[in-house]
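Note sheet for the following structure.
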Number of protein chains: 2
Amino acid sequence: MARPDDTGAKPTLNDVARAAGVSLATVDRVLNARAGVRPATIARVQNAIAELGYVRDTAAANLARRRLYEMAFLLPDTDNEFVAALRDAVAEQATGASVHRTRPTVVPVAPFDPQALADAVDALPASLDGVALFGPETPAVRDAVRRARERGIAVVALVSDLPSSERDHFVGIDNVRAGRTAGRLMGRFTRRSGRVVVLTGSRLARDHLERRQGFDQVMAEYPHLEVGASIEGRDDANRVAAMLARVLSEGNDVVGVYSSAAGNAGLIRALRTMPHDVTVIAHELTPTTRAALMDGTFDALIVQDAGHLVRSAIRLLRASADGAAFDPGQERIRIDIHLRENVPLSPEDTP
Amino acid sequence: MARPDDTGAKPTLNDVARAAGVSLATVDRVLNARAGVRPATIARVQNAIAELGYVRDTAAANLARRRLYEMAFLLPDTDNEFVAALRDAVAEQATGASVHRTRPTVVPVAPFDPQALADAVDALPASLDGVALFGPETPAVRDAVRRARERGIAVVALVSDLPSSERDHFVGIDNVRAGRTAGRLMGRFTRRSGRVVVLTGSRLARDHLERRQGFDQVMAEYPHLEVGASIEGRDDANRVAAMLARVLSEGNDVVGVYSSAAGNAGLIRALRTMPHDVTVIAHELTPTTRAALMDGTFDALIVQDAGHLVRSAIRLLRASADGAAFDPGQERIRIDIHLRENVPLSPEDTP
DNA sequence: TTGAAAGCGCTACCAC
DNA sequence: GTGGTAGCGCTTTCAA
């Protein structure tokens, strides 16, 4: 739909005011949906806006308003390295807050505790522009999300979706596809037949379940590989090491390990005691997984870039707060595959 | 280094003027390095700027200046699908030019013709803020780049670096590592021993040479695979199909094909006549390669995201024009590996 | 060589 | 309900 005035100078609020035969102040009122304007006037102004193809200059508006976008990242309070990478990415974006007029802060929330998450959401000040949530969805969380949005706070789900909540966006990967990707690499990388061990964090976490599901879909195409029940490591390195040692000692036929969660330090420890021909696929790029990839302990990493996640969340929260559009192509989080050959050289997490 | 006034309101030009005991206009003069200010005054102002930790509000400056960033993308005038994806990405960014105050345009340049590229650079109007170049580096190009920068035009090299030119940035991937990545996938995906065929575009293109070099480094680790001389397809599907048909007919021992350039349509045609157990690794995500990946003709794609390349080039050109900082983590172009399982679902190039 | 003042496009306050 | 008007932080005439 070509506007009649694509010809050059884009229309300003002044143009709209003139066209509608009202004052600047009135145009501003209808533009910002403020009360106290007669319906007839509203219509006149909206007509003019449509006619002229007016689009508001956010930079000028933010300048006049001295606007500062305040947003909170509710992240589980664990020592999980991936979460640490998210925290670092938030901190990095907070630097130069004045430049972007955006101040993101991290709010730690008790991990694996939906009620704590819901409470944290309710405790958010209404002055906040947006919030990014990383946690499991329960009815309590869903209701808290609804209340937050009613208070005018934009909400995005981070890493793990809240599908039945009315969040504005989901920022993260499709975990079924991530699991499928891991499965494909496992199927093509392994040469011998035998057992494949799957490590998960918690059977309750939606993202872990989805990864397992996708992994199994693809593994079904490789009859030479037999996948056992998930080992629930709870992201705890010691627990992972102990449970895995037991499984590995049960026989010499383990040819692959799919580590779909955290706790990789324990996995690495257990593998040191093994003959080295086990194909290992893990998730996320952290100092631990990166070192394991580089020294050949791990064969591939399935990664969602923490910096990208955080930047995308911020852009989407800002767009939601402004009621503005966004670039879907830019906000699509990719499922990255990292081999030793293509892992980023100096990532944020190894300074 | 913590500034004394991290405490809240960031200093404005007015604060600087007051601190230096001069007028706003004078501060503006030294800030923008305009002539006609006494050295002593300059020093006073710069002191005040440093003291206060002043950082200019680009948004306000652009508003006052009614600034529009104009930038050109000099792209080879071919029907290469990857270049088409770049063109599309530029067009997409041009939409909403008024919102970003940035208008990128594509300037087609005769392909494989360094002199044409150099001439195109020289023909750029000095009013331009920046230019992104995709092409081979020769002395003529290098000199043209220098002249452009002397005329105040920021320059980034796109996809293929211009290492000995004084370009402001390189936006693209490390092609040696990209080749290594392809090599690793080839080595781990193939099961039988035999020959591996390498398809290249031109032996002159720096990026293709580097890919081949990286590929060979890794292939040396796989003694069961024997790599022959590159087939120079010149990105021409018919030529590729013909040359490849000849090679494939020479024996039944071809187990892999590494297509390091364009012309994949020809490769696909040639493969249709073959028994299907050839591992194929190609570059870039286009409608052709995507279809081949999805139907199993190709096994993996090594990709640099066109949207990311273009957005990054624009951000860097804008930063160079403003003399502003940028986020290195955001501008690092990743070497993406796409399998059928993790290829983006609805990319820009298949609408 | 320096300063005063009028804007850029928009918001917000205060009158009428 | 509606309109004037003084800014937001910066740039840019035009005078002095």
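Proteins come first, then strands; the chains are lettered A, B, ... in the order of their sequence lines, and each starts at number 1.
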Check your understanding: From the list C:dG9, C:dT11, C:dC8, which nucleotide is the closest neighbour of the side chain of B:A64?
Key -> C:dC8
Just jot down the side chain to side chain contact (heavy atoms under 4.5 Å, CB included) partners of [X], sequence neighbours excluded, or say none.
{"X": "A:A19", "result": "A:A48, A:L52"}
{"X": "A:A148", "result": "A:V121, A:I153, A:V155"}
{"X": "B:A61", "result": "B:R56"}

Point to revise | Parallel, tilted or perpendicular, as decided by the 30° and 60° cut-offs, for the rings of B:H308 and A:H308 | key: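 Because their plane-to-plane angle lies in the 30° to 60° range, the rings of A:H308 and B:H308 count as tilted.
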Revision key, fill the gap. Contacts satisfying ring pair (Phe, Tyr, Trp, His ring centres under 6.0 Å) that involve residues 148-171 of chain B (not counting sequence neighbours) are B:H169-B:F326
Point to revise | Range on DNA chain D touched by chain B, heavy atoms, distance below 4.0 Å | key: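 Contact span on the strand: D:dG9 to D:dT12.
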Exercise for review: Take the protein atom CG of A:L24 and the nucleotide atom P of C:dC10, then report the distance between them rounded to whole Å.
Suggested key: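 Value for this atom pair: 8 Å.
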Revision key, fill the gap. Separation of C:dT11 atom P from A:D322 atom CG, nearest Å, is 10 Å
Residue list, side-chain hydrogen bond (donor to acceptor under 3.5 Å, both in side chains) with [X], at least two apart or on another chain:
{"X": "A:R101", "value": "B:D57"}
{"X": "B:D119", "value": "B:Q115"}
{"X": "B:R67", "value": "B:D129"}
{"X": "A:S164", "value": "A:E137"}

Point to revise | All salt bridge (charged side-chain N to carboxylate O under 4.0 Å, His left out) counterparts of A:R146, not counting sequence neighbours | key: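 A:R146: salt bridge (charged side-chain N to carboxylate O under 4.0 Å, His left out) contacts with A:D143, A:E150.
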**Study point:** Sugar-phosphate, base or nothing in reach of A:A61, heavy atoms under 4.0 Å
**Key:** sugar-phosphate
Practice item. Quantify the bending of the helix from C:dT1-D:dA16 to C:dC16-D:dG1 as the angle between its end axes, each fitted on five pairs, to 10°. Key: 40°
Point to revise | Those residues of residues 28-47 of chain B lying under 4.0 Å from DNA chain C by at least one heavy atom | key: B:R29, B:G36, B:V37, B:R38, B:T41
